[in-house]
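Keep in mind it's a predicted model, so treat the numbers as computed, not measured. Residue numbers start from 1 in every chain, and the chains themselves are labelled A, B, ... in the order their sequence lines are given, proteins ahead of strands.
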Amino acid sequence: KNQVEQSPQSLIILEGKNCTLQCNYTVSPFSNLRWYKQDTGRGPVSLTIMTFSENTKSNGRYTATLDADTKQSSLHITASQLSDSASYICVVRGRDDKIIFGKGTRLHILP
Amino acid sequence: EAQVTQNPRYLITVTGKKLTVTCSQNMNHEYMSWYRQDPGLGLRQIYYSMNVEVTDKGDVPEGYKVSRKEKRNFPLILESPSPNQTSLYFCASSPGQGWSPLHFGNGTRLTVT
């Protein structure tokens, strides 16, 4: 069964610290993986897309990695800011265009 | 401004009273979809549409209807709402499938009493 598992479920860190969110998937055959950020009361917004041939991609203070062999992705946030407080959702698309959503990691940044 | 607009943002209704949540996009996207988001369950797809007059069931379609008579609009209809349909609903659109990101509306919080 195609699944996307995210960990941790929630995370609390101090402003300025770094953190890493994990995403493991079993979707096969794989097409691409996106990380979305969802602020409270808003719809999710795409942060980055990872394809089979990409290992690392950065978007400002966000760096996503992908290991297609182990079917794992991570989202690393550097020098966290209060505005990073949000849910982060890993979304995997199979080559059949079926989209599988992870349940998200809720990140709280404390001042 | 390119956006997906959902209305209303908040809705409280009673069991059995038909309601419609509207969704409109101004990006000329072919693909549109509806999701519900519940604590601990994440986003689950209700229905999707690849183009005008083409709709298909997602993972949790029971109790919902949709229509796609125009490219820009994709309303979600609850013919006889029940309390288990209390949830946060999101409409999304994209140019097509494959590499395109989903563009989400800001959600409709529905409470059925």
query: D38(B) and R36(B): salt bridge (charged side-chain N to carboxylate O under 4.0 Å, His left out), yes or no, with the steps?
result: CA-CA 7 Å; D38(B) 301 290; R36(B) 60 178 290 173; 2.9 Å; yes
message: Below 30° counts as parallel, above 60° as perpendicular, anything between as tilted: where do the rings of F52(A) and F30(A) land?
response: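 Aromatic pair F52(A)/F30(A) classed tilted.
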task: Specify whether Y36(A) and F104(B) have parallel, tilted or perpendicular ring planes, treating 30° as the upper limit for parallel and 60° as the lower limit for perpendicular.
output: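 Geometry flag for F104(B) against Y36(A): perpendicular rings.
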- request: Could you tell me which portion of R9(B) (side chain, backbone, both or neither) has an atom closer than 4.5 angstrom to a non-hydrogen atom of chain A?
  value: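 Looking at R9(B), just its side chain touches chain A.
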message: Taking side chain as everything from C-beta outward and backbone as N, CA, C, O, which of these in Q6(B) sits under 4.5 Å from a heavy atom of chain A? Side chain, backbone, both or neither.
response: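 Q6(B) has no heavy atom closer than 4.5 Å to chain A.
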message: Side-chain heavy atoms nearer than 4.5 Å, only ILVMFWY residues, links allowed to pass through others: does that put I89(A) and L11(A) together?
response: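 No, no single cluster joins them.
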Under 4.5 Å from any heavy atom of chain B, what part of [X] do you find: side chain, backbone, both or neither?
{"X": "I100(A)", "value": "neither"}
{"X": "Q38(A)", "value": "side chain"}
{"X": "R34(A)", "value": "side chain"}

task: Go through the side-chain N and O atoms of S10(A) and R106(A) and say whether any donor and acceptor fall under 3.5 Å apart.
output: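 Short answer, no.
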Residue among L43(B), V4(B), L88(B), D59(B) with most heavy-atom pairs under 4.5 Å to chain A: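 Option with the greatest count: L43(B).
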field: Max heavy-atom pair count under 4.5 Å with chain A, selected residue of G40(B), G42(B), G58(B), P101(B)
entry: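 Greatest number of close heavy-atom pairs with chain A: P101(B).
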- prompt: Between S46(A), S31(A), G43(A), S87(A), which shows the greatest number of heavy-atom pairs under 4.5 Å with chain B?
  reply: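 Of the options given, most contacts go to G43(A).
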task: Identify whether the distance between the nearest side-chain nitrogen and carboxylate oxygen of K69(B) and E53(B) falls below 4.0 Å.
output: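 Answer for the salt bridge query: no.
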